[in-house]
2 protein chains.
Amino acid sequence: MNSSFLKLINHINRRIILTEDEQQAIIPHLNLRSYLKGQYIVQEGDVSRNETFIVSGKVRSFYLDDKGNEHIVAFGIEDWWINDICSYTTQTPAEFNIQCLEPTEVIQISRDKMEELFILAPKLERYFRLIIQKAYANMSKRIVNNHAQSAKERYLSFIGTYPDIANRVPQYMIASYLGITKEFLSSLRKQIHSDAKS
Amino acid sequence: MNSSFLKLINHINRRIILTEDEQQAIIPHLNLRSYLKGQYIVQEGDVSRNETFIVSGKVRSFYLDDKGNEHIVAFGIEDWWINDICSYTTQTPAEFNIQCLEPTEVIQISRDKMEELFILAPKLERYFRLIIQKAYANMSKRIVNNHAQSAKERYLSFIGTYPDIANRVPQYMIASYLGITKEFLSSLRKQIHSDAKS
DNA sequence: CCAAAAAAATAAGGTAGATTAATAAAGTTG
DNA sequence: CAACTTTATTAATCTACCTTATTTTTTTGG
């Protein structure tokens with residue numbers, strides 16, 4: 001089996017049990033696709049037609065406000081699903097952009113194919129329920145932490161939890177994700193470094 | 001059929017199609033329960049053992065930080081599911097409290113009963129997937145709005161979207177939900193009222 | 001390997017929202 | 001309805017974080 005497809009099948013098998021037959025049946029519904037750095041998987045205003053699983057690479061999901069400021073909602077890395085779920089489920093124009101931060105390989109499943117898959121292997125409903133439940137729980141904690149913690153605490157917690165993201169995306173994007181300006185993040189980093197020395 | 005159960009069945013039927021048999025089979029798995037104002041459906045430190053659907057009443061889900069400050073994560077009203085999903089799925093101690101703000105009637109389904117239900121009617125996996133997807137999409141927008149909008153804008157948007165909650169819970173809880181202090185919310189309201197007059 | 005662009009750092013001045021503390025209003029209960 | 005508790009207002013002071021502007025460093029690509 002193609003190693004990218006295998007990666008997804010393994011991801012599924014870690015959460016539910018697929019028979020050999022089911023695994024084989026799923027494969028033809030999958031669509032492998034490569035994006036270059038900077039390219040968009042979903043653009044604001046377009047309708048999101050696919051569920052997207054990241055095989056390799058790194059993406060960001062962001063929102064442009066009235067003043068043209070970017071607000072990063074989420075990063076996506078290897079082995080994560082990423083989408084504008086609202087656009088995908090209601091087939092309405094996306095409010096978020098999903099852009100590749102490096103060359104990125106993904107597996108996509110169109111909405112029609114997804115419905116076929118759910119009939120073929122209803123267990124997949126559970127798989128996606130578990131995935132989104134996890135994402136929801138993380139979002140809830142993030143809401144709370146945004147209120148309960150200072151920017152410095154949130155930054156330290158972020159680089160602790162996602163060191164690979166922290167090291168490989170520009171700082172101004174981390175600032176945007178944390179909800180602070182790049183200038184303020186820069187000054188926090190200065191503080192943190194001088195704290196570490198003394 | 002008991003009218004509370006009917007309320008839940010209708011809620012399900014609005015998203016998936018249940019046969020008459022399936023509806024009848026679901027009923028015995030449901031557990032009707034009443035709480036008084038102030039009582040806890042889930043307490044921090046306890047394990048959440050049930051999925052909980054609000055038939056009537058109003059609840060809040062909140063987190064206590066190190067300094068003992070309350071941070072409201074969500075409100076729950078009629079026809080909403082509410083839970084500490086992380087605690088429920090992993091059967092670990094809850095980080096959030098879920099407390100009734102008025103006398104509240106709920107339908108609960110224990111984890112074991114839920115597994116039986118999923119075998120009985122696998123469609124329910126889809127129902128819960130749809131429910132949580134919606135909640136996730138709302139959370140994402142809330143994260144963005146917390147960054148893109150001022151406290152005043154968030155407050156106005158909140159009372160516009162949830163007038164029934166805004167009118168029936170104390171202001172200091174709305175402040176907590178919005179991530180601001182009650183004093184600052186009070187001053188925002190003063191501004192808003194004088195804006196309206198001039 | 002150099003020029004241009006993108007990202008990061010620095011610094012001064014400004015503001016949204018926090019903190020503290022005191023008072024007033026509204027709800028609750030015996 | 002009086003005493004008490006909870007909730008809301010007001011106001012002064014304070015600070016975490018923003019804005020704007022300039023400079024330095026790093027990355028990119030021809």
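Just so it is clear, the model here is predicted, and its values are computed rather than measured. Below, each value reflects all heavy atoms present in this structure, side chains not excepted, and no hydrogens, waters or symmetry copies. A, B, ... follow the sequence lines: proteins, then strands. Residue 1 opens every chain.
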Starting from [atom2] on [N], measure out to [atom1] on [X] and report it in whole angstrom.
X	N	atom1	atom2	answer
A:Met173	D:dT26	CE	P	19 Å
A:Gln191	C:dA9	CD	C1'	14 Å
A:Leu188	C:dA8	CG	C1'	14 Å
A:Tyr155	D:dC17	OH	P	15 Å
B:Asn69	C:dA18	CG	P	11 Å
A:Leu185	C:dA9	CG	P	8 Å
A:Arg168	C:dA7	CZ	C1'	18 Å
A:Lys182	C:dT10	NZ	C1'	13 Å

Has [X] got a side-chain N or O lying under 4.0 Å from the OP1 or OP2 atom of [N]?
X	N	answer
B:Ser186	D:dA8	no
A:Arg189	C:dA9	yes
B:Lys190	D:dA11	yes

Original post:
Any chain of hydrophobic side-chain contacts (each under 4.5 Å) joining A:Phe5 to A:Phe128?
Top reply: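 A:Phe5 and A:Phe128: one cluster.
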Subject >> ILVMFWY network linking A:Val144 to B:Ile98, side-chain heavy atoms under 4.5 angstrom >> reply: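 Shared cluster, no.
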Counting side-chain heavy atoms from CB outward, which of [options] is closest to [X]?
X	options	value
B:Gln171	D:dC17, D:dA8, C:dA18	D:dA8
A:Phe184	D:dC17, D:dT28, C:dA18	D:dC17
B:Glu183	D:dC17, D:dT10, D:dT19	D:dT10
A:Ser150	D:dC17, C:dA18, D:dT10	D:dC17
A:Tyr172	C:dA7, C:dT10, D:dT7	C:dA7

**OP:** Indicate, with yes or no, if the rings of A:Trp80 and A:Phe75 have centres closer together than 6.0 Å.
**Re:**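 A:Trp80 vs A:Phe75: aromatic centres not under 6.0 Å.
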**OP:** Would you indicate whether the side-chain heavy atoms of B:Lys123 and B:Thr19 approach each other to under 4.5 Å?
**Re:**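 A side-chain contact exists here, since the closest heavy-atom pair is under 4.5 Å.
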Subject >> Over-ring placement of B:Arg60 relative to B:Tyr177, 6.0 Å and 45° cut-offs >> reply: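 Cation-pi check for B:Arg60 and B:Tyr177: fails.
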Subject >> Nearest-nucleotide comparison on DNA chain C, the residue closer to the 5′ end among B:Lys37 and B:Gly179 >> reply: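 The answer here is B:Gly179.
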